Amino acid sequence: RRDDTWGRFCARYPKQGRIRKRLDLQLFLSLIDTEAQGEEMLVGLERHRSSQRWLEGYVPDAAKFFNERMWEEEPPAARPPKGGTPWEQV
């Protein structure tokens, strides 16, 4: 059910990203028609949760996550450290 998926999404979305319950629920319902689509979104959310950018604290608002359909994309690759890649520092 979509209500269960919405609840799971809210529980798993990092606290650094804002969820505006009423508005974001409307976005969610407009994007997710089936349980399979909801599961796909949750899998994509987990990919982003474990990405370097999100672990460093950059978490977009849920509205951006929905509007840009971020769950369908791979998270950005990790950036090399400021001094270049480790093999360039040798």
Side-chain angles (χ1 to χ4, degrees):
R1 295 185 28 185
R2 292 189 304 174
D3 291 345
D4 294 339
T5 305
W6 170 248
R8 290 170 47 209
F9 177 86
C10 289
R12 299 296 300 153
Y13 206 77
K15 296 199 183 336
Q16 299 97 319
R18 185 174 69 173
I19 295 179
R20 296 168 303 170
K21 299 277 184 179
R22 189 174 291 154
L23 293 173
D24 291 336
L25 174 59
Q26 290 174 348
L27 273 171
F28 173 85
L29 293 174
S30 72
L31 295 167
I32 303 301
D33 292 322
T34 66
E35 190 172 333
Q37 288 174 326
E39 289 302 317
E40 179 184 339
M41 178 183 283
L42 292 173
V43 168
L45 173 60
E46 290 306 316
R47 272 195 315 271
H48 282 272
R49 280 177 51 91
S50 62
S51 72
Q52 182 176 354
R53 285 187 79 188
W54 283 39
L55 292 172
E56 291 173 350
Y58 170 77
V59 179
D61 291 344
K64 180 174 181 166
F65 186 82
F66 293 143
N67 286 328
E68 294 184 11
R69 301 182 71 93
M70 293 175 72
W71 71 92
E72 296 177 341
E73 303 170 0
E74 288 298 318
R79 293 181 301 241
K82 286 187 178 180
T85 57
W87 53 88
E88 292 173 336
Q89 297 174 6
V90 177

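Note: hydrogens, waters and symmetry copies are ignored here, and every other heavy atom, side chains too, is used. This structure is a prediction, so every number in the text was calculated from the model and none was measured.
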At their closest point, which heavy atom of K64 faces which heavy atom of M70, and how far apart are they?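 Heavy-atom minimum between the residues: O-SD, 4.0 Å.
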Which heavy atom in I19 sits nearest to a heavy atom in A62, and how many Å separate them?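 So the minimum-distance heavy-atom pair works out to CG1-CB, 3.9 Å.
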Spatial distance of atom [atom1] ([X]) from atom [atom2] ([Y]) [nearest 0.5 Å]:
X   : Y   : atom1 : atom2 : answer
H48 : E73 : NE2   : CD    : 6.5 Å
R12 : F9  : CZ    : CZ    : 11.5 Å
N67 : L31 : CG    : CG    : 7.5 Å

Please verify the inter-ring angle class for W54 with Y13; under 30° counts as parallel, over 60° as perpendicular, anything in between as tilted.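 Geometry flag for Y13 against W54: perpendicular rings.
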Could you tell me how the ring of F28 sits relative to the ring of W6: parallel (under 30°), tilted (30 to 60°) or perpendicular (over 60°)?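 Rings of F28 and W6: tilted, 30 to 60°.
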When you check the gap from the basic side-chain N to the acidic O, do E46 and R49 get nearer than 4.0 Å?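 Salt bridge: yes.
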State yes or no: do L45 and L55 share one hydrophobic cluster built from I, L, V, M, F, W and Y residues joined by side-chain heavy-atom distances below 4.5 Å, directly or via other members?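 No, it is not one cluster - the side chains of L45 and L55 are not joined through contacts under 4.5 Å.
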Say whether L23 and L29 are linked into one hydrophobic cluster, either directly or through other cluster members, by side-chain heavy-atom distances under 4.5 angstrom.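 Hydrophobic grouping puts L23 apart from L29.
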Show, in sequence, the C-alpha distance, side-chain angles and deciding distance for T5 and M41, and conclude whether the side chain to side chain contact (heavy atoms under 4.5 Å, CB included) test is met. CA-CA 9 Å; T5 305; M41 178 183 283; 5.9 Å; no
So, applying salt bridge (Lys or Arg N to Asp or Glu O under 4.0 Å) with D61, which one of K15, R20, R18 is it?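 Of K15, R20, R18, salt bridge (Lys or Arg N to Asp or Glu O under 4.0 Å) with D61 is met by R18 alone.
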Determine whether L42 and E39 make a side-chain contact, defined as any pair of heavy atoms from C-beta on separated by less than 4.5 Å.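 They are in contact (side-chain heavy atoms under 4.5 Å apart), so the answer is yes.
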